[in-house]
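Note: hydrogens, waters and symmetry copies are ignored here, and every other heavy atom, side chains too, is used. Order of the sequence lines sets the chain letters (A, B, ...), proteins ahead of strands, with each chain counted from 1.
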Amino acid sequence: MTALSVNQINKHFYDPVDFHVLKDISFDIKQGEFVAIIGKSGSGKSTLLYLLSTMDTDYDGIISINDTQVTGLSQNKLASFRNEHIGFVFQFHFLLPEFSVLDNIMLPALKLKKKSKEEIEDKAMELLALLDIKGLERKKASKISGGQQQRVAIARALINSPAIIMGDEPTGNLDSKNTNIVFDTFRQLAKEQGQTIIAVTHDDEFADKCDRIIELSDGMLV
Amino acid sequence: MNINQRIANIFLTSRVRQLLVAVLSVTFGISMYVFMNSFMSGVNEEQTEITFTAMSHIKIYNELPLEVQTIKPPPTDSHTVLMVSNNRNIQYTEGIQNVDPIKEELSQIPNITGVTAQLNQNVFIRNGVSKASASLSGIETTNEDDLFNTSDYLVEGKLSDLDKQSNAIILGTGLAKNIGVRTGNNVTILTSDGLSKSFKVVGLIETGANMADRTRALVSIQAARQLLSENRSYATEVLVNITDYNDAQGTAEIIKQLTDYKVEPWQEGNEQLDSSNVLRDIIAIAVSLTILIVAGFGIYNIMNMTVNEKIKEIAILKAMGFNGKDVVEIFLTQSVIIGLMGGLTGLMLGATIVKIIDNVPFKMGPLTTLPVTYDSSDYLMAFAFGILITFIAGYLPARKASKLDPVDILRG
Ligand SMILES: Nc1ncnc2c1ncn2[C@@H]1O[C@H](COP(=O)(O)OP(=O)(O)OP(=O)(O)O)[C@@H](O)[C@H]1O
Ligand SMILES: [Mg+2]
């Protein structure tokens with residue numbers, strides 16, 4: 001089954017000058033697949049991931065996720081689609097600094113309202129334990145280290161058990177031990193829950209262990 | 001508390017100083033609204049009260065015909081010439097000969113709160129060689145007091161003293177000074193018909209209206225009837241007060257059906273009083289709304305700053321699946337909380353200011369302190385306007401925030 005299908009994507013930045021970032025990109029990703037996106041800095045990996053995550057709607061071509069064509073949906077529909085089906089880990093974490101670690105992880109689930117608060121909290125605590133950041137739950141998100149923030153961001157992406165998890169260098173700030181924990185977690189989710197993982201990475205070792213590698217060079221697939 | 005309200009709460013409490021400034025601007029606006037309106041209606045009420053110390057809401061009297069009637073109708077044929085020299089107004093019935101049936105009928109009208117009869121006559125008052133003209137009022141003391149609170153203006157003596165002796169008189173302070181008498185002295189009243197009678201000064205009255213205080217003399221209506229040799233139920237006018245002085249014209253129409261005498265509501269010839277009340281109200285509302293709107297701009301400004309400051313958080317929330325409506329809710333909740341907090345403290349501050357103003361000494365005319373009213377509708381209006389303005393001032397930045405494109409911000 002196809003989890004994600006990308007058809008003839010083209011993307012331009014017009015400011016300050018016309019810049020063709022992504023050129024004629026097409027590929028499919030199967031459900032449960034663990035895919036790495038690699039490429040040189042500036043090759044367009046983050047840009048592509050923003051398109052896949054439905055946050056950026058300014059492109060030509062068609063993107064479908066789980067047989068739903070997301071291209072052309074309204075902003076509000078996309079927001080609830082993201083909430084339910086996509087977990088996203090940003091390159092720069094992007095936690096809400098004034099909220100506690102636990103609140104940060106729980107927010108997408110509280111928004112989704114599919115489970116009770118207690119269930120959500122249990123799930124969040126489980127993820128904290130899994131990612132080895134137990135004990136930080138009451139701390140403010142701005143008061144923990146970069147690597148810890150990255151793992152909180154991963155936990156937040158996993159809280160709603162989304163069909164697709166996207167990460168922009170999700171292990172960029174982590175030591176090899178924690179990188180392995182994250183990798184194994186993703187691997188397990190893909191295998192056992194059938195969740196699809198797409199991760200941008202600069203880590204060759206990480207990429208080699210994935211099911212498939214998509215390489216970008218100057219906005220084109222290699 | 002739902003998730004959006006919780007987010008609003010955390011956003012608000014993370015910036016205590018900003019929250020305080022925003023709340024204070026609402027507090028200020030609302031307290032000013034309360035203060036301005038309480039003060040202005042205090043002034044209006046005082047003004048009206050002063051007006052109605054000397055004037056009733058409706059007056060009934062026997063009007064002299066404006067045109068002098070010729071004693072004979074004009075001749076119909078051209079051969080006759082009618083010449084009348086020194087034509088005069090001959091009126092057989094002066095004043096109201098029998099007030100009792102009129103008073104009886106007035107008491108049937110439900111919104112009439114008080115009725116009193118007066119016998120007014122211009123006279124001279126003499127004390128030795130000093131002489132002054134005065135307008136003598138024969139009054140029904142209890143009814144008069146009901147209508148005009150006359151006893152509040154007595155600086156010496158009691159109104160009921162007039163009923164105890166038939167030769168008791170109360171003089172305006174200015175009048176008493178002019179002819180040099182004090183309470184306890186005797187004065188002589190000279191009527192235009194040449195009668196004279198001695199009266200004893202039992203009290204002094206001061207209303208604050210100089211003209212009135214220099215000419216006013218009060219006796220009981222019976223004493224006045226005796227002095228002028230009129231019958232036992234004679235009066236020159238019947239004065240009527242009603243529950244709401246604004247209804248005077250309507251009630252006057254009803255009374256007109258009952259009597260042939262002239263019925264005159266207070267507005268006739270007194271439009272300036274009415275209009276100055278309305279103008280003061282307009283000023284009060286204009287000024288206080290301006291203050292509220294300025295406060296609204298303050299909130300708008302602060303909410304705008306908050307939105308700009310939280311722009312990244314908004315983008316993150318949207319990336320996680322919060323939609324435009326959630327974002328509006330988050331920011332609107334913040335301004336409504338600001339509005340409620342500022343509103344409540346504003347009402348309290350407003351009430352305090354009004355209380356203080358109420359105690360500020362202001363000795364002029366009948367006033368001892370600045371006049372204010374305590375009217376709950378002023379407070380309700382202030383609160384309602386305050387909430388409305390914070391709502392609008394909060395909605396605009398909130399809508400802007402809801403339209404933000406998250407990638408633009410997150411891409412950096
Ligand atoms: N908002 C923007 N406006 C114009 N050009 C942009 C914008 N964002 C990115 N670019 C350009 O688009 C290209 C691709 O950027 P992108 O962030 O996708 O790179 P990347 O592959 O993620 O790099 P890195 O590995 O360093 O994160 C870069 O050349 C960058 O300069
Ligand atoms: Mg990148």
Side-chain angles (χ1 to χ4, degrees), chain A residues 11 13 15 21 46-47 49-59 73-100 103-114 117 120 140-142 153 156-157 159-160 162 166 168, chain B residues 1-20 22 302-303 305-334 337-338 398-412:
Chain A
K11 160 106 188 148
F13 283 122
D15 198 29
V21 223
S46 296
T47 309
L49 214 56
Y50 279 127
L51 297 188
L52 300 184
S53 72
T54 77
M55 276 185 261
D56 190 350
T57 51
D58 182 16
Y59 58 85
L73 287 183
S74 75
Q75 285 299 337
N76 281 350
K77 284 227 175 73
L78 288 177
S80 40
F81 187 87
R82 276 200 294 280
N83 188 225
E84 185 161 8
H85 302 293
I86 299 175
F88 199 91
V89 187
F90 293 94
Q91 193 164 5
F92 307 105
H93 328 322
F94 291 143
L95 301 177
L96 298 174
E98 289 140 354
F99 289 68
S100 73
D103 281 338
N104 263 286
I105 296 173
M106 285 165 65
L107 273 179
L110 293 173
K111 166 68 193 157
L112 189 61
K113 294 194 194 94
K114 285 245 164 104
K117 208 177 160 213
I120 295 169
K140 267 202 179 176
S142 53
R156 182 178 65 186
I159 189 85
N160 280 343
M166 302 183 190
D168 197 350
Chain B
M1 197 161 30
N2 76 24
I3 182 66
N4 290 345
Q5 286 162 359
R6 246 188 84 206
I7 295 170
N9 229 347
I10 292 178
F11 278 177
L12 259 189
T13 47
S14 69
R15 300 295 305 236
V16 178
R17 227 183 49 129
Q18 242 176 45
L19 172 66
L20 214 68
I302 288 168
M303 287 313 292
M305 266 166 58
T306 313
V307 164
N308 286 340
E309 226 165 63
K310 296 277 181 252
I311 206 157
K312 204 157 163 189
E313 275 94 331
I314 297 166
I316 295 167
L317 287 170
K318 288 185 123 189
M320 293 189 312
F322 286 75
N323 58 33
K325 228 183 86 227
D326 295 317
V327 176
V328 169
E329 196 185 323
I330 288 168
F331 283 91
L332 218 45
T333 306
Q334 294 184 53
I337 292 174
I338 290 171
R399 208 183 49 165
K400 188 182 100 180
S402 78
K403 295 216 166 112
L404 279 177
D405 187 359
V407 251
D408 277 353
I409 294 139
L410 296 179
R411 232 192 317 251

Between Phe88(A), Tyr50(A), Phe99(A), Phe92(A), who has the most heavy-atom pairs with chain B when the cutoff is under 4.5 Å?
Phe99(A)
Compare every heavy atom of Met320(B) with every heavy atom of Asn83(A), then report the nearest pair and how far apart it is.
ND2-O, 3.0 Å
Shortest non-hydrogen contact from Asn323(B) to Lys111(A)?
ND2-NZ, 4.3 Å
Whatever's closer than 4.5 Å to a heavy atom in chain A on Asp405(B) counts as side chain
The interface call for Asn4(B) against chain A, heavy-atom contacts under 4.5 Å, is neither
Looking only at heavy atoms, what is the nearest atom pair of Ala319(B) and Phe90(A), with distance?
CB-CZ, 3.5 Å
Within this structure, what is the NZ-CG distance for the pair Lys113(A) and Asn2(B), rounded to the nearest 0.5 Å?
6.5 Å
Can you check whether Lys318(B)'s main-chain N or O pairs, donor with acceptor, with Arg82(A)'s side chain at less than 3.5 Å?
yes
For Lys312(B), I'd like to know if atom NZ has over 12 heavy atoms of other residues, nucleotides or ligands within 6.0 Å.
no
Partner chain A: residue of Gly324(B), Ser14(B), Pro406(B) with the largest heavy-atom pair count (under 4.5 Å)
Ser14(B)
How long is the straight-line distance from CG of Asp103(A) back to CD1 of Ile10(B), given to the nearest 0.5 Å?
5.0 Å
Between CG on residue Leu410(B) and CG on residue Asp168(A), distance to nearest 0.5 Å:
11.0 Å
Below 4.5 Å from any heavy atom of chain B, which atoms of Leu95(A) appear? Answer side chain, backbone, both or neither.
backbone
Please round to the nearest 0.5 Å and tell me the distance separating atom CG of Leu110(A) and atom CZ of Arg6(B).
6.5 Å
Counting heavy-atom pairs under 4.5 Å to chain B, which of Lys117(A), Glu98(A), Glu84(A), Met55(A) comes out on top?
Glu98(A)
